[in-house]
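Convention: sequence-line order gives letters A, B, ...; per-chain numbering from 1. Model, not experiment: these values are computed from the prediction. Basis for what follows: all heavy atoms, side chains included, without hydrogens, waters or symmetry-related copies.
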Amino acid sequence: MKYYVTTSIAYVNAAPHIGYAMELLEADVLARAARQRGEQVIFCTGTDEHGSKVAQKAAEAGKTPKAFADEVSEHFRELTKLLGISNDRFIRTTDAGHEKRAALIWKGLEKDIYKAKYIGWYDVRQEEFVPESQADPARMKPDHPQAYQRLEEENYFFRLSKYNDIIREKIESGEFQVIPETRRNEILSVLREGLEDISISRPKEKLDWGIPVPGDAKQVMYVWVEALMNYLTVLGYPEHQDFKDYWPANVQVVGKDITRFHAAIWPAMLLSLGLPLAKQLYVHSFITVNGEKMSKSIGNVISPAEVVKKFGLDPFRYYFLRHIPSYNDGDFSWDNYERAYNNELANELGNAVQRTAAMVQKYLGGAVGNVTPAQHDDKPVREAISECRFDRALDEIWDQVRGLNQYIDEEKPWEIAKDPGDKEHLTEVLTSQVADLLQIADLLVPFMPETSEKIKAVFESGVIKPIEGTLFPKLDKPDADTKKK
RNA sequence: CGCGGGAUGGAGCAGCGGCAGCUCGCGUGGCUCAUAACCACGAGGUCCCAGGUUCGAGUCCUGGUCCCGCAACCA
């Protein structure tokens, strides 16, 4: 089985933040889970580098657009390393391959492309024309700080309207699955109102930081449309075997701000090319900090590196995957983060590992023999992952962790150990604990790969190899802190 | 009548027609294998308001009220 998963590609006008970090994590879980099932996986992420905003930022920094993009793109690449993201490829829209293949895609779309004059309000920040009906009247005044520009341009247009009903039908039938349901309803309502054709090029004289339109040296491709093409170009569209094997994508992970691009424009492009749509579009929400939107002016921007630094990588992955709701906006606060770390990771999981290892060592001389992972029902976890409900998947896994702690308290191995004649029963109980932990470790593979391996390393051989220090050392204990490093 | 999300014990959330549930926090007890960890029990709720449908309504319908966002980098 082939499995293809993508994130959106990040626009390189600013440094990475935790919202995008979460998107990477979610896609990473899907990729790791698929690999664990034995599928062949291609998992791609990357950076989107053309367009006026990048050109503008670069000019401000006194750099060429390419040099500027190189720099910021590198930050995103570092982010994937920082977060242990298992992406197979990292595409940049300035890659020669992308530029070449984007031109081929354009040609493939040509039957739905026509030239027309466009006059309208242009939002520089969003890099898009704003329909008269949606434009903010205040911003039509030139002295407004975010004033629209009145642009009149000769552009190429794409017949988006032509595909409106087909897309709607495919979403309604479930052939193209948009999750969660609120996002699906949202896009269906957009489709019910009807899509208009969109401008997909810019005159080169106004902006030359883009990919030229094939056969028209005076125009470059509109950055949004060109960026979407990455999902195909990264597979080597049209001739490479990977494209033939891996398209359509199993899941495309995007943020809710770009739902329309991925649930309407991108599908229309695919239909125009005669290609199937992605099977699933998972739209995640946003992260607030202490209930407030992250913003530099409030001064509450959290950088991924800062959070990773506190407890390390796996707790970061854990928190954002479990405590930011997969289908809703969620909140980050250092208090909640510490609480989750102490209660759930250190006390519940870490301690379960610790007490089990200690008892095996103390009562059985460190050996339990060959243990196979327990067979508790893992269907709820698998189903949650297939619905991109990462929070729920971890809830389910934690039911097992709690269940194990309950089991230990019920069986009281330390009582059994007092009776030397009961060694068999004792072994049985401890073996069962180890089996539970091995299954938990298995289930954690996509979410917390390091932790999963650490747990396996302790128990897998049948002879306990204790963890150096502790699995999740408590932070607020001074001695634990020094022991950690 | 712009659009979307929301209102459920102190906090955060789930439930979406059938005995109000989970986590945290709080209280009490138990335990001693363990990272002052673990386990059990308990207190705490007019499920925003008003109507309606129904044998039965957080749950469905109608009409209100109130909150949040319009979205990730400083425009």
Side-chain angles (χ1 to χ4, degrees), chain A residues 10-11 13-23 53 56-57 123-126 131 133-136 139 144-147 180 182-183 185-187 189-190 193 255-259 285-289 291-303 322-323 325 327-331 333 335-336 338-363 391-392 395 398-399 401-418 426 429-430 433 467 469-477 479-480 483-484:
Chain A
Y11 200 54
N13 62 340
H17 51 81
I18 51 177
Y20 192 66
M22 190 177 70
E23 180 168 322
K53 257 195 300 183
Q56 198 179 312
K57 286 271 173 180
D123 184 334
V124 178
R125 183 182 162 214
Q126 298 295 343
S133 58
Q134 280 174 35
D136 173 3
R139 291 175 64 185
H144 189 277
Q146 295 157 39
T182 54
R183 299 274 98 82
N185 293 341
E186 212 169 280
I187 198 70
S189 116
V190 169
E193 278 173 37
K256 64 178 174 177
D257 52 332
I258 52 177
T259 309
S285 295
F286 291 125
I287 300 170
T288 56
V289 174
E292 288 177 311
K293 170 190 162 186
M294 243 186 297
S295 118
K296 270 190 197 162
S297 42
I298 302 174
N300 63 351
V301 172
I302 308 272
S303 85
R322 185 175 189 197
H323 292 294
Y327 283 6
N328 260 309
D329 284 357
D331 192 56
S333 73
D335 272 3
N336 288 341
E338 272 178 45
R339 199 173 299 139
Y341 179 85
N342 282 329
N343 289 336
E344 295 159 24
L345 293 178
N347 293 351
E348 291 179 336
L349 178 58
N351 187 47
V353 170
Q354 189 88 338
R355 63 200 300 218
T356 299
M359 284 190 273
V360 174
Q361 288 196 293
K362 196 178 266 188
Y363 304 140
D391 52 351
R392 187 157 293 187
D395 284 348
W398 244 255
D399 277 353
V401 176
R402 286 163 184 276
L404 171 58
N405 278 322
Q406 283 163 5
Y407 174 81
I408 296 173
D409 263 64
E410 278 161 23
E411 294 293 337
K412 302 182 176 41
W414 52 91
E415 287 286 329
I416 308 172
K418 285 178 187 160
L426 181 62
V429 169
L430 292 179
Q433 290 178 218
I467 291 177
T470 41
L471 194 51
F472 295 106
K474 289 280 187 69
L475 178 85
D476 43 10
K477 277 180 62 188
D479 58 332
K483 209 161 52 175
K484 192 174 151 193

- Where RNA chain B forms runs of at least three Watson-Crick or G-U pairs (i with j, i+1 with j-1, under 3.5 Å), the stems are B:2-7 with B:65-70, B:10-13 with B:21-24, B:26-30 with B:38-42, B:48-52 with B:60-64

Quick one: salt bridge (charged side-chain N to carboxylate O under 4.0 Å, His left out) partners of [X], sequence neighbours excluded?
X      : answer
A/R402 : A/E348
A/D409 : A/R355
A/D399 : none

- Message: Could you check whether A/R339 pairs with A/E344 (Lys NZ or Arg NE/NH1/NH2 to Asp/Glu carboxylate O, under 4.0 Å)?
- Response: no

Under the side chain to side chain contact (heavy atoms under 4.5 Å, CB included) test, residues paired with [X] that sit two or more places apart:
X      : answer
A/D257 : A/F286
A/Q361 : A/I464, A/P466
A/E415 : A/K412, A/K418

What is the distance from [atom1] of [X] to [atom2] of [N], rounded to the nearest Å?
X      : N      : atom1 : atom2 : value
A/E344 : B/rU35 : CD    : C1'   : 16 Å
A/Y341 : B/rA37 : OH    : C1'   : 14 Å
A/Q406 : B/rA37 : CD    : P     : 18 Å
A/N343 : B/rA36 : CG    : P     : 13 Å
A/H323 : B/rG12 : NE2   : P     : 15 Å
A/R339 : B/rG25 : CZ    : P     : 7 Å
A/K474 : B/rC38 : NZ    : C1'   : 11 Å
A/Y327 : B/rC16 : OH    : P     : 14 Å

Taking the [atom1] atom of each, how far is [N] from [M], in whole Å?
N      : M      : atom1 : value
B/rG27 : B/rG18 : C1'   : 33 Å
B/rC3  : B/rC13 : C1'   : 26 Å
B/rC26 : B/rA11 : P     : 15 Å
B/rC68 : B/rG45 : C1'   : 24 Å
B/rG9  : B/rG2  : P     : 31 Å
B/rC49 : B/rA14 : C1'   : 23 Å
B/rC41 : B/rG4  : P     : 44 Å
B/rC1  : B/rG15 : C1'   : 33 Å

- side-chain hydrogen bond (donor to acceptor under 3.5 Å, both in side chains) with A/E411: which residues, sequence neighbours excluded? none

- Residues in side-chain hydrogen bond (donor to acceptor under 3.5 Å, both in side chains) with A/D391, at least two apart? A/S326

- Query: Looking only at heavy atoms, what is the nearest atom pair of A/A352 and A/L404, with distance?
  - Reply: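 Heavy-atom minimum between the residues: CB-CD2, 4.1 Å.
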
Heavy atoms under 4.0 Å, any strand shown: does [X] hit a base, just sugar-phosphate, or nothing?
X      : value
A/R402 : sugar-phosphate
A/D395 : nothing
A/N336 : nothing

- Message: I want to check one thing: is the phosphate of B/rC73, taken as OP1 and OP2, less than 4.0 Å away from some side-chain N or O of A/N13?
- Response: yes

- Might you work through the side chain to side chain contact (heavy atoms under 4.5 Å, CB included) test for A/I416 and A/V429, ending with a clear yes or no? CA-CA 9 Å; A/I416 308 172; A/V429 169; 4.0 Å; yes

- Looking at the angle O4'-C1'-N9-C4 for a purine or O4'-C1'-N1-C2 for a pyrimidine, is B/rG63 syn or anti, with syn meaning within 90° of 0? anti

Show each protein N/O and nucleotides 29-34 of chain B N/O combination with a separation under 3.5 Å, one pair to a line.
unit_1	atom_1	unit_2	atom_2	d
B/rG30	N2	A/D409	OD2	3.4
B/rU32	OP1	A/E415	OE2	3.2
B/rC33	O4'	A/Y363	OH	3.4
B/rC33	O3'	A/K362	NZ	3.4
B/rC33	O2	A/R355	NE	3.1
B/rC33	N3	A/R355	NE	3.4
B/rC33	N3	A/R355	NH2	2.6
B/rC33	N4	A/R355	NH2	3.1
B/rA34	OP1	A/K362	NZ	3.4
B/rA34	O2'	A/N351	OD1	2.4
B/rA34	N1	A/R355	NH2	3.4
B/rA34	N3	A/N351	ND2	3.1
B/rA34	N3	A/R355	NE	3.1

Between the protein and nucleotides 4-9 of chain B, are there any N/O to N/O pairs under 3.5 Å, and if so, what are the atom names and distances?
unit_1	atom_1	unit_2	atom_2	d
B/rG4	O2'	A/E186	OE1	3.4

- Start at the 5' end of RNA chain B and walk down; is the nucleotide closest to A/L349 or to A/S285 reached first?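 The residue whose closest nucleotide sits nearer the 5' end is A/L349.
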
- Message: Run the side chain to side chain contact (heavy atoms under 4.5 Å, CB included) test on A/Q354 and A/L471 for me, step by step, so that the C-alpha distance in whole Å, both residues' side-chain angles and the decisive distance to 0.1 Å come before the verdict.
- Response: CA-CA 8 Å; A/Q354 189 88 338; A/L471 194 51; over 6 Å; no

- Note on the structure: Sorted by chain and number, sequence neighbours left out, ring-ring contact (aromatic ring centres under 6.0 Å, His included) with A/Y327 holds for none

